[in-house]
Protein chains: 2
Amino acid sequence: MKHAPASTRSGASREKGTLDRATIVRTALRLLDEVGIDGLSTRRLAAELDIKSASLYWHFKDKNELLNEMSGAMFEKALRPPNVDGPDFDWAEWLAEGARAIRRTALSCRDGAQVMARPRPRTPGLSFEDNVKTAMRSGLTDMEARLTMQTLRRFAIGSALQEQATPAATGIVVAGKEGFEFGLQTFLDGLRARLAERQKVARSLNRPRA
Amino acid sequence: MKHAPASTRSGASREKGTLDRATIVRTALRLLDEVGIDGLSTRRLAAELDIKSASLYWHFKDKNELLNEMSGAMFEKALRPPNVDGPDFDWAEWLAEGARAIRRTALSCRDGAQVMARPRPRTPGLSFEDNVKTAMRSGLTDMEARLTMQTLRRFAIGSALQEQATPAATGIVVAGKEGFEFGLQTFLDGLRARLAERQKVARSLNRPRA
DNA sequence: ACCTGAACACCGTTCAAGT
DNA sequence: ACCTGAACACCGTTCAAGT
């Protein structure tokens with residue numbers, strides 16, 4: 001006699017053919033938070049989905065592709081709404097919030113930083129170009145805006161990575177948000193200095209004394 | 001008939017009892033550069049050392065301990081001589097060189113950034129406190145000096161990590177050194193602004209007008 | 001003190017075969 | 001189109017036993 005068709009796993013039973021990449025990625029992220037990156041095996045994930053591990057290879061080329069998709073999902077979650085307001089728009093605070101969101105998202109899940117440190121699949125230009133535009137409202141050039149976002153992303157991931165590493169052995173100086181804010185604000189100060197210098201030059205060109 | 005006692009591996013035969021942690025770490029780093037982090041198995045490393053993989057567990061508690069030691073070795077290599085000169089000492093350039101050295105070392109070895117992103121064993125206070133002292137010659141407080149070094153370390157590792165990720169999928173904006181220098185110099189600009197502000201305040205306190 | 005043989009409990013991945 | 005059974009070629013780690 002055959003036993004009942006599973007569905008005993010984690011409560012969420014599906015009918016066949018319902019399984020798609022998004023569901024797998026979502027489940028993988030939940031499992032990651034439970035067991036950590038070393039515990040996240042294809043067999044364990046398959047069990048969580050009530051399938052066999054071989055089935056995962058119909059949906060994903062290999063485990064790397066799955067992990068990269070997880071990275072993409074975390075970034076999407078971190079960078080939700082550009083949320084640009086009216087004339088009181090504070091570009092520095094907007095950039096800071098973006099960097100904080102990346103770090104916060106990475107820290108919100110066990111080993112999340114290690115996942116976000118991976119390459120993510122080319123999101124279809126969705127919000128990235130919009131964000132560049134928004135960053136340019138500060139007066140930065142297109143290239144500077146991109147470099148700024150790249151720098152903040154690298155710093156946020158680097159910070160989360162160190163903060164999430166086994167706390168005993170790391171040479172952490174100031175734990176938590178304060179250590180992060182120092183680097184963040186100092187970098188933004190550098191941007192402000194650059195923009196102020198640029199405005200000064202522009203003014204002197206507009207009404208030359210000579 | 002027993003065959004000859006190995007020594008066919010990679011040319012470097014040893015007599016028994018010669019093997020120590022430093023040799024293992026050095027060999028592991030060479031092997032890492034050959035096969036990458038996914039190829040660096042205890043069995044492969046043991047073969048390279050002409051021992052059996054079980055023997056590694058006499059020298060190291062587990063693979064994690066070995067990897068952390070590798071991280072420590074790479075940082076030692078990166079931060080070699082403090083090399084502080086005379087009165088023409090340029091603290092900003094000194095900090096920049098330290099950050100560049102970390103990034104350069106990470107990029108010098110396949111998957112090197114992933115290794116340096118790991119926690120490293122507590123180095124016996126060797127050069128770290130000296131470096132804090134050196135950084136303070138800029139006028140930064142002790143805490144600011146530590147935060148600065150932490151920030152640059154995080155940014156350098158974060159950069160190397162992204163640069164070393166599979167080049168196709170990453171949203172790299174400006175590849176290579178230029179992308180790194182932007183973040184580095186902008187952060188240092190922020191530090192300069194902070195120090196300049198501090199000097200201005202100090203001067204106004206020295207000779208008050210009122 | 002240092003190393004091995006042999007095993008344990010896993011991995012990621014492939015592929016013919018099922019439905 | 002989607003999933004399984006069964007296998008392949010590996011893993012990290014332990015531990016009694018050797019020298």
Specify the separation, in whole Å, of atom [atom1] of [X] and atom [atom2] of [N].
X	N	atom1	atom2	value
B/Arg44	D/dG12	CZ	P	12 Å
A/Lys61	C/dC15	NZ	P	14 Å
A/Leu19	D/dC3	CG	P	5 Å
B/Phe60	C/dC2	CZ	P	13 Å
A/Tyr57	C/dA17	OH	P	22 Å
B/Lys63	D/dT14	NZ	C1'	17 Å
A/Leu45	C/dC11	CG	P	12 Å
B/Asp38	C/dC11	CG	C1'	12 Å

Between [X] and [N], is there a contact of a side-chain N or O with OP1 or OP2 at under 4.0 Å?
X	N	value
B/Lys52	C/dC3	no
B/Ser55	C/dT4	yes
B/His59	C/dA1	no

Quick check with a 6.0 Å cut-off and a 45 degree axis cone: is A/Arg100 positioned over the face of A/Phe180's six-membered ring?
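Verdict for A/Phe180: no cation-pi partner in A/Arg100.
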Does A/Arg43 or A/Leu56 map to a spot on DNA chain D nearer the 5' end, using the closest nucleotide for each?
A/Leu56
salt_bridge(A/Arg192, A/Asp189) N-O dist < 4.0 Å
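Yes, charged N to carboxylate O under 4.0 Å.
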Hey, are B/Glu69 and B/Arg21 close enough for a salt bridge, meaning a charged N less than 4.0 Å from a carboxylate O?
yes
When you get a sec, tell me which of D/dT13, C/dT13, D/dC3 is the closest nucleotide to the side chain of A/Trp58?
D/dC3
Nearest to side-chain heavy atoms of A/Thr42, which nucleotide of C/dT4, C/dG12, D/dG5
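From the listed options, C/dG12 comes nearest.
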When all nucleic acid strands are considered with a 4.0 Å heavy-atom cut-off, which category describes B/Ser41: base, sugar-phosphate, or nothing?
sugar-phosphate
Suppose we define a pair by two distances each less than 3.5 Å, Watson-Crick or G-U wobble; what does C/dC8 pair with here?
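Pair assignment: C/dC8 / D/dG12.
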Provide the Watson-Crick or G-U wobble partner of D/dA1, both distances under 3.5 Å; none if there is no partner.
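Matched D/dA1 with C/dT19 under the 3.5 Å cut-off.
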Considering residues, nucleotides and ligands other than B/Asp38, do more than 12 of their heavy atoms fall under 6.0 Å from its CG?
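No.
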Does either side chain, that of A/Asn68 or that of A/Arg118, offer a donor lying less than 3.5 Å from an acceptor on the other one?
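Yes.
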